[in-house]
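Note that these values count all heavy atoms, side chains included, but never hydrogens, waters or copies made by symmetry. In what follows, every chain begins at residue 1, and chains take the letters A, B, ... in the order their sequences are listed. Since this is a predicted model, take the numbers as computed values, not measurements.
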Amino acid sequence: MTILLPPISLPCLSKPQHLFLPFKPESSKTIFTGFSSCKPLPNCSVQNPKLKVTQCCTSSGVFPSEDTFLFSDWPELVKISTEFRDFLLGQAIHAYLVKSGSLNDAFVGNNLISLYVKFNRLDLAQRVFDKMPVRNTITWTSLMKGYLADNDFQSAFCIAGDMFEFGEKFNEHTCTVILQACSTSGDKILGEQMHSFVIKSGFVHNVYVGTSLIAMYARSGPFGDVEKVFDCMACKDVRCLNFMILECGKAGNGKKAFKVFINLLNSGLEPNDYTFTNIISSCNGDLGVEEGKQLQGLAFKYGFLNETSVGNAIISLYGKNGMADEAKRMFSLMTERNVISWTALVSGYTRSGYGEKAVDAFMELHCLGVNFDSSLLTTILDCCSEYNKLQLGLQIHGLVIKLGYKSDVNIVTALIDLYSKSGKLQSARILFNGLSSKSTASFNAILAGFIEDRGNDEQDSMVLFNQLRIAGIKPDFVTFSRFLCLSSNQASLQKGRSFHAYAIKTGLEADFSVANAVITMYAKCGSIEDSHKMFMAMNGRDFISWNAMISAYALHGQGQKALLLFEEMKKKGVAPDELTILSILQACTYSGLWQDGLGLFNVMGPKYGIKPLLEHYACMVDLLGRAGHLSEAMDIINKSPFPNSTLLWRTLVNVCKLCGDLNFGKLASKRLLDLSPSEAGSYILVSNMYAGERILDEAAKVRTVMNDLKLSKEVGCSWIEIENKVHHFVASDKDHPKSREIYAGLDLLRDEMKWNYDRADIHLISELV
DNA sequence: CTAGGGTTAG
């Protein structure tokens, strides 16, 4: 049954200039190859027609004789050989048909072509086609479909062109096949031409044609065109509506999907398992998990909850929303599970923060002896990457090689991501370079490695970006965010600005994550004005945008502005998170606004429902310490949930050093060295504290202890970009070719700073007086 | 008569 809606005159979506103009002249030559004689008939022993033929289909090695066919019903025979998947019988029939001249009948030939297409023997189908003296629309359409099924779009289009040139009429079937070819090959231009053709010919009201049109526009976009076609369709059935629900969901338009779904139920059409699978999986945007739960109930009511695909969609729904327990419940209730169910569960655990459970589920599946497919391996590798499980990841890599998946692009990309985020940039690079066809995702993965590497790698981001362009890869929002992050890490304003410009050009600046990365980039590269400009220019913001701008102010020591922005953020109804509070505390610290900071810290739990993390405490120690309240700073550590945190005590020692307060300094140092007796950084900090107060014997003592313990610290490194080249330096570095000039310049700066400092002192004194 | 649409769930 189909819904009958009042027909609406269909607007032409985009006006094509011609119908079927550009057909290549050589096409007929390619397709109409020379005739070659058929293979000889195999020896046969069966004498009687139909019944015997059926027998010979079932018993292998026995073939019908020529007389068998004399009395036979050709379509019936072809059907039998198709049904029994008996290719040899089909060939025998073929040979006889050629001999007896029965191919003169287009009907018989069409049956034979369809048979070969079902066996995916395009060579033979083509041979039959070539030998047929009389062809009709079905002949052409069947062959075209055959090439399409074989993913040979080029040949399918050639046939369409020849068909047109030969003056053979296109019907609804033909148009459906051509549209499908346009859809799978992504040929939007031809698809639009076909669209005008089907409007002109009136086929557009055919539900097959309509569904194919939807599929074509769904593939090439924009989604608005899909909606136009759908809204104009006069005749819709369940398959068509199911497909529309699916496409609405994919386009993130859950509300529209829901509308179609409701229409389907109200129209008297019978929903099926596809209907529920599709509508549940579309709950990932404007429809959320609450609607998903209701649909789960409805699926139960309609009796589809026991369908594996519906169950899988529900597992994935809960998994995506971080509700691993609910996902597990659905999983346990299912009577039949497949590898997708397991993958959805593993992925759900990964996204819900249960790395261990994800691994456990994977191991359980491993013990069950179920065959892994490439998606499951990709999912578990994502889990390894997310939870820093390099060891397991290495084992999976071994498994990937063993199972023959080492060329699977998705898996290799997941491996690159894993190695990138685990600091194994070299391994990531080897895999990346070995990829025969690189994708946006694989570039994004290797970029994560360069970001993790913190500028120690000599890889130039511009060179990489050019590689990407040469490879014809379209950067997406992740690509730009990461390139911008890379520019931030290298504090390279020039590169950052270039990536920003390119993001504007490609329209990706409109993406929040890109714009947010731009804000951070400008802040880290020293141009807070540009950060602010980007923030103001944004067309809508998410909470990360606010965080980025607030932390930009923090970085630049503009505490007052950070606080003002925080007020505005609250007014706009955007809820702060851990990072927001942290940034403001930092901003207060650097601007001496310790009372504001302390006030916020005291209310962050009660007022905003945010539990202070270790980082917040560290920030408070710094804030109070710098304000001279060392006693309170020490108090806060002792009363915090982290009284034995090295980070907190190190922070306290550091502020004691800044304040020159040795009383607290000694206390804090003792705690610190007790807590981390083997960290070189702690000894150096304590030693520096004494040295700063000119207590050189104590400083030396601490150094001696450290040296006796044979501890050493990784050297810190800084770098600067001049004329598009980054120069690296470590402490007392004399490697740079211009190091003499650099040190001379440094001395000049030092003198100037001292002069300014002295003057500032004079001003301060005069103010006090 | 013979040829046509969704390729669901990770």
Practice problem: Keeping to residues at least two apart or across chains, list the side-chain hydrogen bond (donor to acceptor under 3.5 Å, both in side chains) pairs with something in residues 166-183 of chain A. | Solution: A:Trp140-A:Glu168, A:Thr141-A:Thr174, A:Lys145-A:Gln180, A:Asn171-A:Thr174
Practice problem: Could you note down all residue pairs passing side-chain hydrogen bond (donor to acceptor under 3.5 Å, both in side chains) where residues 304-313 of chain A supplies at least one of them, sequence neighbours left out? | Solution: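 Residue pairs passing side-chain hydrogen bond (donor to acceptor under 3.5 Å, both in side chains), neighbours aside: A:Thr277-A:Ser309, A:Asn306-A:Thr335, A:Asn312-A:Asn338, A:Asn312-A:Ser341.
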Expressed in angstrom and rounded to an integer, what is the separation of [X] atom [atom1] from [N] atom [atom2]?
X	N	atom1	atom2	value
A:Phe230	B:dG6	CZ	P	16 Å
A:Phe170	B:dG4	CZ	C1'	14 Å
A:Tyr208	B:dT7	OH	P	15 Å
A:Leu148	B:dG5	CG	C1'	12 Å
A:Glu247	B:dT8	CD	P	11 Å
A:Met144	B:dG5	CE	P	12 Å
A:Gln180	B:dG4	CD	P	9 Å
A:Leu246	B:dA9	CG	P	6 Å

Looking only at the side chain of [X] (C-beta and beyond, no hydrogens), which of the listed nucleotides [options] gets closest?
X	options	result
A:His173	B:dG10, B:dT7, B:dG4	B:dG4
A:Ser309	B:dG10, B:dA3, B:dT8	B:dT8
A:Ser114	B:dG5, B:dT7, B:dA3	B:dA3
A:Val177	B:dG5, B:dT8, B:dG4	B:dG4
A:Thr137	B:dA3, B:dA9, B:dG6	B:dA3

Could you tell me whether the phosphate oxygens of [N], OP1 or OP2, come under 4.0 Å of any side-chain nitrogen or oxygen in [X]?
X	N	value
A:Lys236	B:dG5	no
A:Lys118	B:dA3	yes
A:Ser142	B:dT2	no
A:Lys145	B:dG5	yes

Quiz item: Taking NZ, NE, NH1 and NH2 as the nitrogens, is one of them in A:Glu356 or A:Lys389 under 4.0 Å from a carboxylate oxygen of the other?
Solution: yes
Self-check item: Under 5.5 Å and under 30°: A:Phe243 stacked on B:dG6
Solution: no
Between the base of [N] and the side chain of [X], is there a donor and acceptor pair under 3.5 angstrom?
X	N	answer
A:Asn110	B:dT2	yes
A:Asn278	B:dA9	no
A:Asn206	B:dG4	yes
A:Thr211	B:dG5	yes
A:Asn171	B:dG4	no

Determine the contact category for [X]: base if any of its heavy atoms lies under 4.0 Å from a base atom, sugar-phosphate if only primed atoms, P, OP1 or OP2 are that close, otherwise nothing.
X	value
A:Leu376	base
A:Ser316	sugar-phosphate
A:Cys240	base

Quiz item: More than 12 foreign heavy atoms under 6.0 Å from CG of A:Asp123: is that the case here?
Solution: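 Counting neighbours around CG of A:Asp123, more than 12 heavy atoms of other residues, nucleotides or ligands fall under 6.0 Å, so yes.
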Quiz item: What parts of residues 322-351 of chain A reach DNA chain B, counting only heavy atoms under 4.0 Å away?
Solution: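 Going residue by residue through residues 322-351 of chain A, the ones with a heavy atom under 4.0 Å of DNA chain B turn out to be A:Asn338, A:Ile340, A:Thr343, A:Ala344, A:Ser347.
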Quiz item: With sequence neighbours left out, what residues match A:Val128 under side chain to side chain contact (heavy atoms under 4.5 Å, CB included)?
Solution: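 For A:Val128 the side chain to side chain contact (heavy atoms under 4.5 Å, CB included) partners, ignoring immediate neighbours, are A:His94, A:Leu103, A:Leu112, A:Ile113, A:Tyr116, A:Met132.
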Practice problem: Quick one: list whatever passes side chain to side chain contact (heavy atoms under 4.5 Å, CB included) with A:Ser352, sequence neighbours left out. | Solution: A:Ala324, A:Tyr354
Practice problem: Check whether NZ of the Lys or CZ of the Arg A:Lys250 lies under 6.0 Å from the centre of the six-membered ring of A:Phe223 and within 45 degrees of that ring's axis. | Solution: no
Quiz item: What pair of heavy atoms forms the shortest contact from A:Leu345 to A:Ile315, and how long is it?
Solution: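 Smallest interatomic distance, heavy atoms only, reads N-CG2, 3.8 Å.
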Quiz item: Applying salt bridge (Lys or Arg N to Asp or Glu O under 4.0 Å), which residue pairs with at least one partner in residues 395-419 of chain A are found, sequence neighbours left out?
Solution: A:Asp417-A:Lys421
